[in-house]
Amino acid sequence: MSAATLHAIGPLDGRYRGRLDTVSAHFSEYAYIKHRVEVEIEYFINLLKMSPPLPQLASMSPPSDALVAKLRAVYTNFTDEDATWVKTTEFKGGAAGGPPLATNHDVKAVEYFLKYKMVQMSSEPGLEALIQVKEFIHFGLTSQDINNTCYPLMIMRFWRDIYMPKLAHIVTTLDCFARQWAEIPLLARTHGQPASPTRMGKELMVFVHRLRAQMELIDAVPHCAKFGGATGNLNAHRVAYGDRDWISFANNFVEGLGLQRYQVTTQIEHYDNMAALFDACKRINVILIDLCRDIWTYISQGLFKQKTKAGEIGSSAMPHKVNPIDFENSEGNLGFANAIFGHLSEKLPISRLQRDLTDSTVTRNIGIPFGHTIVSFDSLIKGLMKLKLDEKAIRADVNSHWEVTAEAIQTILRREAVDGAYELLKEETRGEVVTEQSIGNFVKKLEGHPTIKLSAGVIAELGAITPSNYTGFFEPGVEVEAWAKSKLSKTTSGGVSSAVADCRKNLVGCFDY
């Protein structure tokens with residue numbers, strides 16, 4: 001662990017930093033600056049591509065493939081040194097080729113960086129004219145045209161490349177477990193009390209179906225950008241070139257980045273769709289908290305054991321312990337993430353009049369809940385891979401509660417029109433210790449009952465009921481691959497399908513214990 005991580009204020013940049021390179025690549029300050037540079041460069045390229053060209057850009061329009069590649073290399077080859085140049089210009093000033101004094105403005109510092117780069121490029125043969133058009137960097141824009149395009153772009157890429165595949169890994173693992181354990185009877189507990197038996201596989205499949213439904217909903221949330229000038233009306237564009245269709249230009253530019261453009265805004269985006277995505281993430285996390293608590297309980301009941309690893313310690317005082325720490329860690333991080341997601345979704349859609357600055361400091365924390373979510377996903381996956389089903393303990397548990405067959409018996413008696421069937425079983429079982437023998441004795445009483453007349457077939461039917469075979473129906477449904485292909489968008493299903501395939505490879509040998 002480096003000195004920087006040792007002195008970090010929060011665990012994401014400290015204890016968990018080594019697990020979060022993918023999150024940092026999307027939400028760090030470096031990533032934010034890089035995305036700003038990308039949006040500015042792509043906007044400039046789109047200006048150069050206008051037809052007919054803007055008069056002041058005619059000498060470079062349309063841009064050659066070589067020029068476009070050169071411009072895009074500014075962000076594709078963006079370095080730590082480049083990011084440092086931008087931050088120096090913002091906070092201190094005096095960066096090579098930059099203004100001598102601090103801008104105290106982050107987007108303006110990016111603009112100066114790009115103008116500096118264009119001055120450098122203009123010294124190359126064939127690019128001399130760049131120095132004449134550098135004022136078209138950030139032309140007609142406000143900071144929020146850049147920021148409110150960057151953030152949805154950052155979120156969309158993270159969500160598509162990291163979040164959804166990682167969640168698909170969890171869903172696939174649960175799906176495999178559910179199918180493997182489809183016939184394992186499980187004593188259900190409602191209100192903490194023994195209830196009609198179910199199956200271990202079915203109980204895990206409940207979470208698969210819940211998560212898949214939420215993944216479909218979150219996949220439908222559009223990733224939208226605001227791109228319309230100082231107050232959303234493209235005023236500066238219209239006053240400079242009133243004969244151009246700037247609305248279509250802005251729409252095409254934003255759609256070229258893979259986003260949708262809000263058509264009517266203030267200076268900033270509404271954040272309504274972003275809030276919807278955060279709320280969807282919260283719902284998914286709530287489902288996973290529910291899963292963590294259920295698995296934790298099954299472990300505490302002895303129905304699951306956990307695979308151990310040499311050198312690991314469960315308790316500083318009790319050497320025997322193998323604690324369910326992965327599920328506890330996951331639950332804690334999910335809860336913390338949800339607290340931040342909740343604030344983001346409640347605060348961001350609110351801004352005074354055409355804009356105040358409260359969204360700026362808040363949006364800088366968008367990576368925080370995603371970071372804690374990824375930590376929780378990884379801990380949950382780690383915990384699931386440690387699970388060893390104790391089938392003997394599960395069957396012993398269910399078979400020690402014969403009172404749960406009361407529902408089955410009274411249902412058959414009601415089918416046979418036995419008056420007061422429910423009451424008969426209630427008198428026999430409620431608050432009593434019910435055993436296989438006592439249920440057998442009850443069935444025998446029915447066989448010779450003076451007023452209740454049941455056929456030998458029905459008596460045999462009643463006698464065949466056990467806690468282990470009274471488990472109802474369970475239809476697992478389609479495999480994860482088929483679901484993803486049919487229910488998710490093409491841009492999402494590709495990464496999800498790859499994650500599913502990788503997960504299946506990792507599960508090979510998982511049940512060899």
>> Under a 3.5 Å threshold, yes or no: a donor from one side chain and an acceptor from the other, between His138 and Glu40?
In response: yes

> For residues 476-502, which residue pairs qualify under ring pair (Phe, Tyr, Trp, His ring centres under 6.0 Å), counting only residues two or more places apart or in two chains?
Replying inline: none

>> For the residue pair Asp219 / Thr492, report whether a side-chain donor-acceptor contact shorter than 3.5 Å exists.
In response: yes

> Counting N and O atoms only, with roles assigned by atom type, does the side chain of Thr5 sit under 3.5 Å from a partner on the main chain of Gly14, one being a donor and the other an acceptor?
Replying inline: no

> Can you name the nearest heavy-atom pair linking Ile33 to Phe78, along with the distance?
Replying inline: CG2-CZ, 3.6 Å

> Of all residues at least two apart in sequence or in a different chain, which pass the salt bridge (Lys or Arg N to Asp or Glu O under 4.0 Å) check with Glu479?
Replying inline: Arg179, Arg504

> Heavy-atom distance under 4.5 Å between the side chains of Glu42 and Arg72, does that happen here?
Replying inline: yes

> To the nearest 0.5 Å, how far apart are CG in Leu257 and CE in Met156?
Replying inline: 8.0 Å

>> Checking Thr198 against Glu203 for the side chain to side chain donor-acceptor pair (under 3.5 Å) test, could you report, in this order, the C-alpha distance in whole Å, the side-chain angles of both residues, the deciding distance, and whether it holds?
In response: CA-CA 7 Å; Thr198 180; Glu203 295 309 308; 2.6 Å; yes

> Ignoring hydrogens and geometry, is there a side-chain-to-backbone donor-acceptor pair from Asn365 to Ile368 under 3.5 Å?
Replying inline: no

> Mind checking whether Arg199 and Trp181 have side chains closer than 4.5 Å, heavy atoms only?
Replying inline: no

I'd like a table of donor-acceptor pairs (distance under 3.5 Å, sequence neighbours excluded) in which one partner is a side-chain atom from residues 159-174, with atom names and distances.
residue	atom	partner	partner atom	Å
Lys166	NZ	Asp378	OD1	2.8
Thr172	OG1	Ala168	O	2.7
Thr173	OG1	His169	O	2.8

> Can you name the closest pair of heavy atoms from Phe511 and Cys176 and give their distance?
Replying inline: CZ-O, 4.1 Å

>> Could you check whether Thr297 and Ser300, counting side-chain N and O atoms only, form a donor-acceptor pair closer than 3.5 Å?
In response: no

> With a 3.5 Å cut-off and no angle check, do the side chains of Gln263 and Asn251 form a donor-acceptor pair?
Replying inline: yes

> Has the side chain of Lys347 got a donor or acceptor atom that lies under 3.5 Å from a matching backbone atom of Ile350?
Replying inline: yes

> Does the side chain of Asp326 come within less than 4.5 Å of Trp296's, by heavy atoms?
Replying inline: no

>> Any heavy-atom pair between the side chains of His105 and Glu90 that's under 4.5 Å?
In response: no

> Is there a donor-acceptor pair closer than 3.5 Å between any side-chain N or O of Ser248 and the backbone N or O of Asp245?
Replying inline: no

> Is there a side chain to side chain donor-acceptor pair (under 3.5 Å) between Asn148 and Tyr271 once you walk through the steps?
Replying inline: CA-CA 9 Å; Asn148 285 163; Tyr271 294 107; 3.1 Å; yes

>> Restricting to non-hydrogen atoms, name the atom on Leu67 and the atom on Met60 that form the minimum distance, rounded to 0.1 Å.
In response: CD2-CE, 3.5 Å

> Would you say Glu124 has more than 12 foreign heavy atoms packed within less than 6.0 Å of its CD?
Replying inline: yes

>> For the residue pair Lys49 / Ser61, report whether a side-chain donor-acceptor contact shorter than 3.5 Å exists.
In response: no

> Would you say the side chain of Val23 lies within less than 4.5 Å of the side chain of Leu12, judging by non-hydrogen atoms?
Replying inline: no

>> The test is side-chain contact (heavy atoms from CB on, under 4.5 Å); show your working for Met121 and Leu71 and say whether it passes.
In response: CA-CA 9 Å; Met121 284 189 279; Leu71 290 168; 3.9 Å; yes

>> If you compare all heavy atoms of Asp356 against all heavy atoms of Ser351, which two are closest, and at what distance to 0.1 Å?
In response: N-OG, 2.9 Å

>> Can you tell me how far apart CG (Leu380) and CD1 (Ile295) are? Round to the nearest 0.5 Å.
In response: 8.5 Å

>> Asp82 and salt bridge (Lys or Arg N to Asp or Glu O under 4.0 Å): which single residue from Lys34, Lys87, Arg36, Lys117 fits?
In response: Lys117

>> Is the shortest side-chain heavy-atom distance between Leu114 and Phe44 below 4.5 Å?
In response: no

> Within the side chain of His209, is there an N or O that forms a donor-acceptor pair under 3.5 Å with the backbone of Pro476?
Replying inline: yes

> What heavy-atom pair brings Gly140 and His237 nearest, and what distance separates the two atoms?
Replying inline: O-CE1, 3.2 Å

>> Just checking Phe139 against Tyr43, ring centres under 6.0 Å apart?
In response: no

> Rounded to the nearest 0.5 Å, how far does CD of Glu328 lie from OG of Ser379?
Replying inline: 11.0 Å

> Are Asn333 and Ser376 linked by a side-chain donor-acceptor pair shorter than 3.5 Å?
Replying inline: no

> Can you tell me how far OG1 of Thr266 sits from CZ of Arg355, rounded to the nearest 0.5 angstrom?
Replying inline: 8.5 Å

> Are side-chain N/O atoms of Asn273 and Tyr262 paired as donor and acceptor at under 3.5 Å?
Replying inline: yes

> Mind checking whether Asn329 and Lys382 have side chains closer than 4.5 Å, heavy atoms only?
Replying inline: no

>> If you define the side chain from C-beta out and look only at heavy atoms, does anything of Thr149 sit under 4.5 Å from Lys226?
In response: no

> Regarding Asp502 and Asn506, is there a side-chain donor-to-acceptor distance under 3.5 Å anywhere?
Replying inline: no

> Going through the checks in order, is the side chain to side chain donor-acceptor pair (under 3.5 Å) test met by Tyr32 and Asn147?
Replying inline: CA-CA 9 Å; Tyr32 189 22; Asn147 296 336; 3.0 Å; yes

>> If I take atom CZ from residue Phe377 and atom CD1 from residue Ile381, how far apart are they, to the nearest 0.5 angstrom?
In response: 8.5 Å

>> Quick check for you: to the nearest 0.5 Å, what is the distance between Thr265 atom OG1 and Gln354 atom CD?
In response: 10.5 Å

>> For a quick test of reading the model, state the closest non-hydrogen atom pair linking Ser497 to Ala484 and the distance between them.
In response: OG-CB, 4.4 Å

